[in-house]
Colleague: 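Here's a structure for you.
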Amino acid sequence: MADKPTKGLADVVAASTALSDIDGKAGRLFYRGYDIHDLAGRTTFEETAHLLQHGSLPNRAQLADYGAELVRGRSLGALVESNIPEIAAKQGPMEALRTLVSLSGAEDPEKDSNAPEANRRKAARLTAQQPILVARYHAARTGGAVLDPDPELSIAANFLRQITGREPSAREVAVFDECLVLHADHTMNASTFAARVCAATLSDMHSAIVAAIGTLKGPLHGGANEQVMRTLEGLDPTGVAQAVRDKLAAGEKIMGFGHRVYKTEDPRATHLRRMSHELGEASGDDTFYRMSKEMEEVVFAEKGLNPNVDFYAATVYHYLGIPTDLFTPVFSVSRMSGWTAHVIEQHADNRLIRPDSEYIGERDQKWAPIDER
Ligand code: ACO
């Protein structure tokens, strides 16, 4: 008979990884040994993706090669292109991304190879294509034209241009790039675990990423950033504290708070709070930032809970002009770099992931023919 399960696999070590590490008590996060506070604002998303997928921060020549690979890799196949309008008409953003990434697997030039080098190239293509898919989806559903990505610009700059239809300021690009860095990887979070479970059957890269996208969508994981914004929009700015107390008293969860691993401030939230403050002031109307601060104070006072990565990301994306229902897709744009690196890592030292379960159903049932049931 199996042991009692640990509900939600809390504190269960499910894999070994050299990609990222969390010290939940101290509130620290590392990508391949680099402190997130050293990377944020100083390392670009492209450098971070290279760090995760190739194992090192790139030098200039490596970054030029990787950047060129990303530019080449972002063109979409005919099957994906032709299906975007219908998918955009019928599916929400995360479902659409799940479908489009699945379709892109059918057109990947190395779809039949699971070799490490092929998967590294697929990782670059998926990382390059994800922001384009979000932008093309958004353009299709709004009937707008989408600007062509500029090969001279970063993923962050191109994405903001394509989504907002205007030239972002250098500061907006820097802020958004930092957001992408902050979301790139995070140990055995639910979507990464889903990707690794799929990869561990020796399934292919695109299948594992589809599993991850479906898992990120839920409001207890990546979907929380959208819910944070919807909560803020639904609150009266003059009655935030009481409204939050009422929600907590009614047993409601406040989206964007709490974390399975961090017992103190999530180090990513520290940066996102600062950026939300800055962008709120620069916009001339920092109401949502101030409401967020008030929510943070009340939730901490009432429940001792800290904001997680999703809480201040919501207002940062809002101030950058990103539509609310694209907040979770933005998360996927960044996390693609980590998911793909985890698939490569899983394949490098694979064993099928197949845990046990505790049986809690009936026993010793007597079978009867269908007419006697
Ligand atoms: N608001 C109110 N109460 C909360 C919250 C919250 N956001 N988070 C946890 N709690 C309470 C729970 O009600 C529970 O209280 P109880 O013991 O009195 O029943 C206790 O804290 C423990 O909560 P669990 O949900 O059991 O903690 P778990 O580790 O399973 O869940 C999670 C972590 C899912 C992040 C949780 O804190 C939550 O639901 N937060 C809101 C959703 C969210 O922001 N998700 C994004 C997480 S970050 C990411 O995935 C990118």
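As the structure lists them, so they are numbered: ligands from 1, and atoms in each ligand from 1.
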Colleague: Are any non-hydrogen protein atoms located under 4.0 Å from atom 2 (C) of ligand 1?
Modeller: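 True for atom 2 (C) of ligand 1.
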Colleague: Quick one: nearest non-hydrogen protein atom to atom 7 (N) of ligand 1, plus distance?
Modeller: I254 O, 2.7 Å
Colleague: Can you tell me which portion of L220 lies within the under-4.0 Å heavy-atom range of ligand 1? Options are side chain, backbone, both, or neither.
Modeller: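 Within the 4.0 Å criterion, L220 contacts ligand 1 through backbone and side-chain atoms alike.
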Colleague: One residue to check: N189. Relative to ligand 1, which of side chain, backbone, both or neither has a non-hydrogen atom less than 4.0 Å away?
Modeller: neither
Colleague: Hey, is K303 touching ligand 1 through its side chain, its backbone, both or neither, going by heavy atoms under 4.0 Å?
Modeller: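 The side chain, only.
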Colleague: Is there a protein heavy atom less than 4.0 Å away from atom 18 (O) of ligand 1?
Modeller: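 Given the 4.0 Å limit, the answer for atom 18 (O) of ligand 1 is no, no protein heavy atom qualifies.
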Colleague: Mind checking whether L248 has a heavy atom under 4.0 Å from ligand 1?
Modeller: yes
Colleague: Relative to ligand 1, is F331 under 4.0 angstrom through side chain, backbone, both or neither, heavy atoms considered?
Modeller: side chain
Colleague: For the residue pair I322 and F327, what are the closest heavy atoms and their distance?
Modeller: O-CE1, 3.2 Å
Colleague: Within 4.0 Å of atom 26 (O) of ligand 1 (strictly less), any protein heavy atom?
Modeller: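 Answer no: nothing from the protein, no heavy atom, is under 4.0 Å.
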Colleague: Provide, to 0.1 Å, the distance between atom 4 (C) of ligand 1 and the closest protein heavy atom, together with that atom's residue and name.
Modeller: L305 CD1, 3.3 Å
Colleague: For atom 29 (O) of ligand 1, what is the closest protein heavy atom, and at what distance to 0.1 Å?
Modeller: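 Answer, as residue, atom name and distance: R260 NE, 2.7 Å.
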Colleague: Is the shortest distance from atom 37 (O) of ligand 1 to a protein heavy atom below 4.0 Å?
Modeller: yes
Colleague: Can you find a protein heavy atom closer to atom 32 (C) of ligand 1 than 4.0 Å?
Modeller: no
Colleague: At under 4.0 Å between heavy atoms, which part of A190 makes contact with ligand 1: side chain, backbone, both or neither?
Modeller: neither
